[in-house]
Amino acid sequence: MNATRATYVLIAMLCLSIGTASALTRRSKTKTPVNRECYIPYDGIDISKYQSLGGPIDWAKVATDKNIKFIYIKATEGTTHVDPYYKDHLDKARKQGFKVGSYHFFTMKSPVKSQFENFKRNAVKSKQDLIPVIDLEIKVLGFTRKQLQDSVMAFADLLRAHYGCEPLLYVGGDYMNENLTKDFADFKLFMPRYSRTDEAEPKVPYGASWTVWQFSQSGTIKGITGTVDLDCLNDGVTVNDLLIKNNPVKKKNKKRIEDKKDVGGKEADVEDNVNELEKEERELEQQLKREEQQLEQEEKKLKDKDKKADEKKKADEKKKADEKKKADEKKKADEKKKADEKKKADEKKKADEKKKADEKKKADEKKKADEKKTKSKATVTKTDSTKSQSSKAKTPVTKTDSTKTKEKVKPKAKTKQKAGTKTTGKVKKQTAREKQREANKKVKNKKSTGSKTTTKNKKTNKSSADND
C-alpha cells in the first residue's frame with residue numbers, strides 16, 4: 001500500500017514538473033523585461049541598409065546581447081540591386097561570432113536566372129552559415145498565380161543546386177494562402193506577424209508550421225540606431241536547424257533538379273523553364289509598360305483637367321475677392337463721407353452754438369453795463385437830489401444874500417436906467433402892479449433875514465456862495 005502511494009506521489013511530482021517546465025517555456029508570457037518592447041524573447045534579428053542610415057552599427061555592443069543567436073542580412077533585390085551595406089554587415093557580424101545568413105528580395109519584374117546570378121555573385125557560399133532566404137512579398141500585377149509559383153519554385157531550385165540546401169521562404173500567411181499552393185508548405189517558413197504576445201503567432205495555411213517568426217518591426221538593440229526587426233524560433237527549433245550543413249536538399253526536390261539535367265551532367269530544362277518564364281516576364285513587362293504609359297497619359301489628362309478646374313476656381317475666387325474688396329472700399333468711402341459730413345455738421349453746430357453763446361455773453365455784458373450805468377446815474381441823481389434838498393434848506397440865507405446883492409446892485413441898475421434914460425432920452429414909467437411886487441419882495445426878504453443870524457447860517461451861506 002505504501003509502495004503504491006509512493007508511486008502515485010512520484011507520478012504526481014513528475015506531472016507537476018512537466019507542467020511547470022511547459023509553463024516556463026521560452027515563449028510563455030512573462031512580465032516585460034526592462035528595455036524590452038514585447039513579451040516575446042527574441043532569438044535573432046534581420047537587418048538591411050536602414051539600420052545603418054542613422055549611423056554605423058556598433059557590432060561590439062550588439063555582441064553583448066546574448067539573446068541574439070542568428071542574424072539575417074539583406075543581400076540583393078531583382079537583377080542588379082545590391083544592398084550598399086551588405087558586405088560590411090556580413091563581415092563584421094561574422095567577426096563577432098554571429099551565425100549569419102542572407103536573403104534576396106524576389107520580384108517578377110526581372111528574369112529568374114538573372115536574379116539568382118545577382119544573389120549568387122554577392123552572397124558568397126563560403127561566407128554563409130545559414131540557409132538562404134527568398135523574401136516573397138511582391139504585389140502580383142499582370143501575372144497569374146501559376147506564373148508566380150513557377151518562378152519562385154525555379155528560383156528555389158537554383159538555390160538548392162548551388163548552395164546544396166533547402167532555402168527558407170519568407171512569406172505572410174494571407175499572401176501564401178492567396179498566391180501559393182500546398183507544394184510550398186514543404187518549405188521552412190519565415191513568417192511576419194507583428195504582436196506583443198505569443199497569442200497572435202502566425203497563422204499558417206495548408207497545415208504547415210512556421211520555423212521563424214518576425215514578431216516586431218520596432219525592436220531596439222544596443223549598438224543599432226533606430227529600430228530593428230526581432231525574430232524568434234518556434235518551440236523545439238534551434239539555430240542548428242537553420243545551418244546549411246543541417247538542411248540538405250530533399251530527395252524529391254533533388255530528383256526534380258536532376259531530371260532537368262542532360263546526360264552530360266549539364267543543367268537541363270530547369271533552365272528552359274526559366275528561359276520560358278523570362279520570356280513571358282519580358283512580354284508582361286512590355287505590356288505593363290504600355291499600360292503604365294497609358295495610365296500616365298490618363299493621369300496627365302486628369303491633372304490638366306484638375307489644373308484648369310483649379311485655375312478657374314482660383315480665378316473665380318480672385319474675382320469674388322476683388323468684388324468684395326471694391327464693395328468694402330466703397331462702403332468704407334461712404335462711411336468716411338458720412339463721417340466727414342457728420343463732423344462738418346457737428347463743427348457747424350458747435351460754431352453756431354459758440355456764436356450764440358458769445359452773442360448772449362455780449363448781450364449779458366451790455367445789459368450788466370447798462371444796468372450798472374443806470375444804477376450809477378440813479379446814484380448821481382439821488383446825490384443831486386440830496387444836494388438840491390440841502391440847498392433848499394439853505395435858501396433863505398441865500399435869498400437874503402441874493403437880496404442884498406440885488407440891493408447892492410440896484411443902484412447900479414438905476415444908474416444904468418438913468419444912464420439909459422439919458423442915452424435914450426426916454427424913461428419907462430413903472431406900473432402900480434410892479435411897484436407892489438417890489439414892495440412885497442422887500443417885506444419878505446426882511447422877514448427871512450431877520451430870524452436867521454447864527455454862526456451856522458453864516459457857514460451855510462459861505463458854502464452856498466462857494467457852490468455858486
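Bear in mind that the values here come from a model prediction, so they are computed numbers and not experimental data.
Side-chain contact between Cys165 and Pro132 is present, with heavy atoms from C-beta onward closer than 4.5 Å. No side-chain heavy atom of Tyr86 sits less than 4.5 Å from a side-chain heavy atom of Thr76. Contact annotation: the side chain of Ile221 approaches that of Leu230 to within less than 4.5 Å [non-hydrogen atoms, C-beta and beyond]. At a threshold of 4.5 Å between non-hydrogen side-chain atoms, the residues Val239 and Leu233 count as touching. Under the 4.5 Å side-chain criterion, counting only non-hydrogen atoms from C-beta, Tyr42 is in contact with Ile68. Contact annotation: the side chain of Gln96 never approaches that of Val62 to less than 4.5 Å [non-hydrogen atoms, C-beta and beyond]. Using a 4.5 Å heavy-atom threshold, the side chains of Gln149 and Asp183 count as separate. Residues Val124 and Leu90 form no side-chain contact, since every pair of their non-hydrogen atoms from C-beta on lies 4.5 Å or further apart.
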Using the rule given for side-chain contact (heavy atoms from CB on, under 4.5 Å), can you reason through Val171 versus Asn179, listing the C-alpha separation, both sets of side-chain angles and the distance that settles it, and then say yes or no? CA-CA 10 Å; Val171 64; Asn179 298 293; over 6 Å; no
Derivation of the ring pair (Phe, Tyr, Trp, His ring centres under 6.0 Å) call for Phe155 and Phe106: CA-CA 9 Å; Phe155 188 81; Phe106 188 81; 5.5 Å; yes
Please step through side-chain contact (heavy atoms from CB on, under 4.5 Å) for the pair Leu189 and Val204, ending with a clear verdict. CA-CA 9 Å; Leu189 299 174; Val204 190; 3.6 Å; yes
Please test Leu243 against Leu130 for side-chain contact (heavy atoms from CB on, under 4.5 Å), starting from the C-alpha separation and ending with a verdict. CA-CA 4 Å; Leu243 296 176; Leu130 309 177; 3.8 Å; yes
Run the side-chain hydrogen bond (donor to acceptor under 3.5 Å, both in side chains) check on Ser110 and Thr79 step by step: do they pass? CA-CA 6 Å; Ser110 302; Thr79 301; 3.2 Å; yes
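Atoms SG and CD, from Cys232 and Glu201 in turn, are 8.5 Å apart once rounded to the nearest 0.5 Å. Note that CG of Asp135 and OH of Tyr72 are 12.0 Å apart. Values are rounded to the nearest 0.5 Å. Here the NZ-CD distance, from Lys354 to Glu359, works out to 11.0 Å after rounding to the nearest 0.5 Å. The NZ atom of Lys251 sits 15.5 Å away from atom CZ of Arg256, with the distance rounded to the nearest 0.5 Å. Interatomic distance, NZ of Lys303 versus CD of Glu296, reported as 9.0 Å (0.5 Å rounding). Atom OG in Ser151 sits 8.5 Å away from atom CD in Gln115 (nearest 0.5 Å).
Looking only at distances, no side-chain donor or acceptor of Asn246 sits under 3.5 Å from a matching main-chain atom of Leu242. Under the 3.5 Å distance criterion, the side-chain polar atoms of Trp213 are matched with a main-chain donor or acceptor of Arg193. Side chain of Lys120 to backbone of His162: no donor-acceptor contact under 3.5 angstrom is found. The closest donor-acceptor contact from the side chain of Tyr206 to the backbone of Leu180 lies under 3.5 Å. Although no hydrogens or angles enter the test, the distance criterion places no donor-acceptor pair under 3.5 Å between the side chain of Asp43 and the main chain of Lys69. Judged by distance alone, the side chain of Tyr50 and the main-chain N or O of Gly226 form no donor-acceptor pair under 3.5 Å. Asp241 places a side-chain N or O within 3.5 Å of a backbone atom of Thr238 that can act as its donor or acceptor partner. One N or O on the side chain of Gln51 and one on the backbone of Thr227 form a donor-acceptor pair closer than 3.5 Å. For Arg145 (side chain) and Glu178 (main-chain N/O), a donor-acceptor pair under 3.5 Å exists by modelled atom type. Of the possible donor and acceptor atoms, one in the side chain of Gln147 sits under 3.5 Å from a partner among the backbone N and O of Thr144.
Tyr85 and His89 have parallel rings, their planes meeting at less than 30° on a 0 to 90° scale where 60° marks the start of perpendicular. In this structure, Phe184 and Phe187 have parallel ring planes: the angle between them is below the 30° cut-off, well short of the 60° mark.
Take Tyr163 and apply the ring-ring contact (aromatic ring centres under 6.0 Å, His included) test, not counting sequence neighbours, and it matches Phe119.
In this structure, Asp174 places its CG atom where only 12 or fewer heavy-atom neighbours from other residues, nucleotides or ligands lie under 6.0 Å away. Around atom NZ of Lys250, more than 12 heavy atoms belonging to other residues, nucleotides or ligands sit under 6.0 Å away.
Salt bridge status for Lys74 with Asp83: absent, with no side-chain N to carboxylate O gap under 4.0 Å. Using a 4.0 Å cut-off between a side-chain N of Lys or Arg and a carboxylate O of Asp or Glu, Arg160 and Glu166 qualify as a salt bridge. Taking a cutoff of 4.0 Å between a charged side-chain nitrogen and a carboxylate oxygen, Asp186 and Lys252 qualify as a salt bridge. Contact check on Lys146 versus Asp150 returns a salt bridge, with a Lys/Arg side-chain nitrogen under 4.0 Å from an Asp/Glu carboxylate oxygen. Ionic pairing of Asp304 and Lys308 is not present here: no N-O contact between side-chain nitrogen and carboxylate oxygen is shorter than 4.0 angstrom. Using a cutoff of 4.0 Å between basic side-chain nitrogens and carboxylate oxygens, Asp364 and Lys368 are not scored as salt-bridged.
Looking at Glu77 and His104, their side chains never bring a donor and an acceptor atom within 3.5 Å of each other. At a cut-off of 3.5 Å, with distance as the only test, a side-chain donor of Gln214 or Tyr170 sits close to an acceptor on the other residue. No hydrogens or angles considered: a donor-acceptor pair under 3.5 Å links the side chains of Gln128 and Ser102.
Taking the six-membered ring for Trp and the full ring otherwise, the centers of His81 and Phe105 sit at least 6.0 Å from each other. Ring pair Phe215/Tyr194: centre-to-centre distance not below 6.0 Å.
The shortest heavy-atom contact between Thr107 and Ile138 is CA-CG2, 3.9 Å. When all heavy atoms of Asn118 and Gly78 are compared, the pair lying nearest together is ND2-O, 3.3 Å. Here the closest heavy-atom approach between residue Lys245 and residue Pro248 is recorded as O-CD, 4.4 Å. The two residues Ala93 and Val100 have their closest heavy-atom pair at CB-CG2, 3.8 Å. Shortest non-hydrogen contact noted between Lys188 and Ile131 is CD-CD1, 3.9 Å. Pairing each heavy atom of Gly219 with each of Ser216, the nearest pair is N-OG, 3.6 Å.
Listed by first and then second residue, the salt bridge (Lys or Arg N to Asp or Glu O under 4.0 Å) pairs that reach into residues 46-65 come to none, sequence neighbours excluded.
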